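Let me give you the structure first, and then I'll get to my questions.
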Amino acid sequence: MHSFNASNVDLNTASKEDVLCYLSLSENEYNGHLGARISSIFVIFITSTAFTLFPVLATRSPRLRIPYHVYLFARYFGSGVIVATAFIHLLDPAYKRIGPDTCVGVSGHWGDYSWCAAIVLASVTMIFLLDLAAEVYVEQTYGMQRNEDATDTIISTPHQARHLALDEEPAMTPAQKQPHVCLEEASVTSERAFKQQFAAFLILEFGIIFHSVIIGLNLGVTGDEFATLYPVLVFHQSFEGLGIGARMSALHFGQRGWLPWVLCLAYGLTTPISIAIGLGVRTSYNPESKAAMIVQGVLDAVSAGILIYSGLVELLARDFLFDPDRTKRRSHLIVMVGYTLLGAGIMALIGKWA
């Protein structure tokens with residue numbers, strides 16, 4: 001690479017690595033606008049946190065009397081956002097940074113194998129194994145074997161609780177008429193369902209937070225693109241927050257009432273803190289260097305695998321394919337699918353700029 005002369009290239013002798021690395025690698029492009037960059041810390045924190053908290057408040061504060069269809073929109077729009085994030089905002093950037101036709105992808109041992117696809121596959125496999133291990137552990141801990149009725153209970157519980165939290169009158173069940181009969185069994189089932197769903201949610205938030213760190217660092221040091229990226233990332237982080245909050249609102253935290261607020265704050269603070277770090281190293285950090293490209297590409301690939309599994313299995317499959325209550329509310333099904341497609345479509349469109 002040191003002997004490569006871009007002004008006098010002989011394509012018969014120049015290597016693919018020389019050409020691709022010359023075209024893709026660049027210097028730090030920070031161009032000032034420090035005040036606007038500092039404002040992005042607070043704007044993104046406020047908007048992303050507010051959008052994350054909205055679905056949680058909708059279910060935990062009945063006095064707000066938020067219409068059920070507003071919650072429905074937040075939940076399924078958020079599912080579409082997460083699926084689009086996995087493919088458009090994570091998988092595609094990962095290939096652009098460490099894929100086979102990039103500077104990294106043709107350098108050294110990176111060119112020996114399709115490592116980007118391998119990292120995504122490894123991430124999906126690892127999340128599947130963790131998800132399975134968590135479910136087996138919870139079943140063994142509570143001495144309960146998974147069966148059709150238990151599955152129906154786990155899946156339908158969030159929908160039942162959502163209706164109750166949004167001021168809909170519940171029907172009396174036999175267990176409610178005789179609470180002393182099934183109280184202990186209901187408590188064990190509820191705790192089991194929470195731990196299984198909470199493990200899946202933590203995996204989802206972990207994948208999104210990985211992505212948010214990269215976004216924040218790059219926004220702090222980007223050059224002429226900052227004027228476009230700033231408003232786009234406000235929407236980007238807000239919609240992702242809506243997706244996280246909607247999934248969180250379906251969990252039954254019970255006595256752990258403080259936990260949703262901590263999780264919302266963790267997401268809301270991730271990008272602003274990363275922007276602040278990016279500003280701190282704005283004259284030395286170069287997101288377009290080969291080392292930075294490798295780190296970003298690997299993290300994007302890992303996050304893509306996490307969100308692909310979570311989005312397709314934990315969100316779409318569980319909500320639409322394996323939900324026995326779906327057939328009881330067919331009037332809502334088209335609306336739910338429409339909200340999901342709208343979220344995926346808008347997030348995919350945002351991928352044109354960020």
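Owing to the predicted nature of the structure, the values given are computational and were not obtained by experimental measurement.
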Subject >> Distance in Å, Arg247 CZ paired with Leu242 CG, rounded so as to fall on 0.5 Å steps >> reply: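 Result: 11.0 Å between the selected atoms.
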Original post:
With distance as the sole test, does Ser40 use its side chain to make a donor-acceptor pair with the main-chain N or O of Arg37 at under 3.5 Å?
Top reply: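 Pair found, side chain donor or acceptor close to backbone of Arg37.
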Original post:
Among Tyr76, Phe73, Phe320, which residue meets the ring pair (Phe, Tyr, Trp, His ring centres under 6.0 Å) test with Tyr339?
Top reply: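 Exactly one pass, corresponding to Phe73.
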Subject >> Any side-chain heavy-atom pair of Tyr230 and Ser39 under 4.5 Å >> reply: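 Sidechains of Ser39 and Tyr230: in contact.
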Subject >> Any side-chain heavy-atom pair of Val221 and Pro287 under 4.5 Å >> reply: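 A side-chain contact under 4.5 Å exists here.
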**OP:** Identify the residue among Leu251, Thr52, Leu202 that makes a side chain to side chain contact (heavy atoms under 4.5 Å, CB included) with Leu263.
**Re:**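 It is Leu202, the one option of Leu251, Thr52, Leu202 that forms the side chain to side chain contact (heavy atoms under 4.5 Å, CB included) with Leu263.
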Original post:
Are Met248 and Ile209 connected in a single hydrophobic cluster, I mean Ile/Leu/Val/Met/Phe/Trp/Tyr linked by side-chain heavy atoms less than 4.5 Å apart?
Top reply: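 In one cluster: no.
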Original post:
Is there a side-chain contact between Val70 and Phe54, using heavy atoms and a 4.5 Å cut-off?
Top reply: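 SC-SC contact between Val70 and Phe54 confirmed.
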Original post:
Take atom CD1 in Ile334; do more than 12 heavy atoms of anything else shown fall under 6.0 Å from it?
Top reply: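 No, because the 6.0 Å sphere around CD1 of Ile334 holds 12 heavy atoms or fewer from other groups.
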**OP:** Indicate yes or no for a side-chain donor-acceptor contact from Ser249 to the backbone of Ala246 under 3.5 Å, with no hydrogens or angles considered.
**Re:**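 Pair found, side chain donor or acceptor close to backbone of Ala246.
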Original post:
Do Phe201 and Leu265 share a hydrophobic cluster (ILVMFWY, side-chain heavy atoms under 4.5 Å, transitive)?
Top reply: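 As far as the 4.5 Å side-chain criterion goes, Leu265 and Phe201 are not connected within one cluster.
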Original post:
Taking C-beta and beyond as the side chain, do Ser310 and Ile203 meet within less than 4.5 Å on heavy atoms?
Top reply: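 Result yes, sub-4.5 Å side-chain heavy-atom pair found.
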Original post:
With a cut-off of 6.0 Å (strictly less than), are more than 12 heavy atoms of other residues, nucleotides or ligands near CG of Asp224?
Top reply: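 No, the 6.0 Å shell around CG holds no more than 12 heavy atoms from other groups.
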Subject >> Path from Val302 to Leu130 over hydrophobic side-chain contacts below 4.5 Å >> reply: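 Yes, same cluster.
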Original post:
Taking it one step at a time, do Ser212 and Gln237 satisfy side-chain hydrogen bond (donor to acceptor under 3.5 Å, both in side chains)?
Top reply: CA-CA 8 Å; Ser212 297; Gln237 294 304 103; 3.2 Å; yes
Original post:
Going hydrophobic residue to hydrophobic residue with side-chain gaps under 4.5 angstrom, can you get from Leu312 over to Leu91?
Top reply: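 Leu312 clusters together with Leu91.
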Original post:
Is there a donor-acceptor pair closer than 3.5 Å between any side-chain N or O of His33 and the backbone N or O of Ala227?
Top reply: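 Judged by distance alone, no pair lies under 3.5 Å.
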Original post:
CD1 of Ile98 to OG of Ser114: how many Å apart, nearest 0.5 Å?
Top reply: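 Rounded to the nearest 0.5 Å, the CD1-OG separation comes out at 9.0 Å.
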Original post:
Out of curiosity, does Val124 fall in the hydrophobic cluster containing Phe210 (side-chain heavy atoms, cut-off under 4.5 Å, transitive links)?
Top reply: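 Per the 4.5 Å side-chain linkage, Phe210 and Val124 are co-clustered.
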Subject >> N/O donor-acceptor pair under 3.5 Å between Glu205 side chain and Ile244 backbone >> reply: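 No; zero donor-acceptor contacts below 3.5 Å.
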**OP:** Taking the six-membered ring for Trp and the full ring for Phe, Tyr or His, determine whether the centres of Tyr68 and His332 are under 6.0 Å apart.
**Re:**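 For Tyr68 and His332, the ring centres are under 6.0 Å apart.
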Original post:
To the nearest 0.5 Å, what is the distance between CG (Asn218) and CG (Leu229)?
Top reply: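 Going from the CG atom of Asn218 to the CG atom of Leu229 covers 8.5 Å.
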**OP:** Could you check if a side-chain atom of Asp319 sits within less than 4.5 angstrom of a side-chain atom of Arg75, using non-hydrogen atoms only?
**Re:**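 When only atoms from C-beta onward are counted, Arg75 and Asp319 do touch, with a gap below 4.5 Å.
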**OP:** Flag the pair His89 / Ile215 as yes when at least one side-chain heavy-atom distance between them is below 4.5 Å, and no otherwise.
**Re:**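 Side chain of His89 against side chain of Ile215, heavy atoms only: no contact under 4.5 Å found.
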**OP:** Check for a donor-acceptor pair, side chain of Ser123 on one end and backbone N or O of Val120 on the other, with a separation under 3.5 Å.
**Re:**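 It does not hold such a pair.
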Original post:
Do the side chain of Asn286 and the main chain of Ser26 share a donor and acceptor less than 3.5 angstrom apart?
Top reply: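 Here the side-chain-to-backbone pair exists.
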Original post:
What pair of heavy atoms forms the shortest contact from Ala301 to Cys116, and how long is it?
Top reply: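 Smallest heavy-atom distance, with atoms named: CB-O, 4.2 Å.
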Original post:
Does the gap between the ring centers of Phe51 and Tyr267 come in under 6.0 Å?
Top reply: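 So the answer is no for these two rings.
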Subject >> Phe235 CZ: over 12 foreign heavy atoms closer than 6.0 Å >> reply: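 Open: at most 12 neighbouring heavy atoms sit under 6.0 Å from CZ of Phe235.
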Original post:
Which of these passes side chain to side chain contact (heavy atoms under 4.5 Å, CB included) with Leu219: Ile44, Thr271, Ile41?
Top reply: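 The residue from Ile44, Thr271, Ile41 that satisfies side chain to side chain contact (heavy atoms under 4.5 Å, CB included) with Leu219 turns out to be Ile44.
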Original post:
Can you tell if the side chain of Met293 reaches within under 4.5 Å of the side chain of Cys103, non-hydrogen atoms only?
Top reply: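 Contact flag for Met293/Cys103 side chains = no.
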Original post:
Thr59 side chain to Val56 main-chain N or O, any donor-acceptor pair under 3.5 Å?
Top reply: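 Pair found, side chain donor or acceptor close to backbone of Val56.
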Original post:
Which residue pairs pass the disulfide bond (SG atoms under 2.5 Å apart) test with at least one member in residues 230-278, sequence neighbours excluded?
Top reply: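 Every pair satisfying disulfide bond (SG atoms under 2.5 Å apart) with a residue in residues 230-278: there are none.
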Original post:
Under 6.0 Å from the NZ atom of Lys96, do we count more than 12 heavy atoms belonging to anything else shown?
Top reply: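 Check fails, neighbour count at 12 or below.
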Subject >> Trp115 (side chain) donor-acceptor with His109 (main chain) under 3.5 angstrom >> reply: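 Such a contact is found between Trp115 side chain and His109 backbone.
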Subject >> Closest heavy-atom pair and its distance - Pro93, Asp300 >> reply: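 So the minimum-distance heavy-atom pair works out to CB-OD2, 3.6 Å.
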**OP:** Flag the pair Arg97 / Thr102 as yes when at least one side-chain heavy-atom distance between them is below 4.5 Å, and no otherwise.
**Re:**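 No, their side chains stay 4.5 Å or more apart.
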Subject >> OG1 on Thr49 to CG on Leu269, rounded to 0.5 Å >> reply: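 Nearest 0.5 Å value for the CG-OG1 distance: 6.0 Å.
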Subject >> Pairwise distance NE2(His211) to CG(Leu90) - rounded to 0.5 angstrom >> reply: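 If we round to the nearest 0.5 Å, His211:NE2 and Leu90:CG are 5.0 Å apart.
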Original post:
Are the aromatic ring centres of Phe239 and Phe77 under 6.0 angstrom apart?
Top reply: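 That pair passes the under 6.0 Å test.
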Original post:
What distance do Thr228 atom OG1 and Leu233 atom CG have between them, rounded to the nearest 0.5 Å?
Top reply: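 These two atoms lie 10.5 Å from each other.
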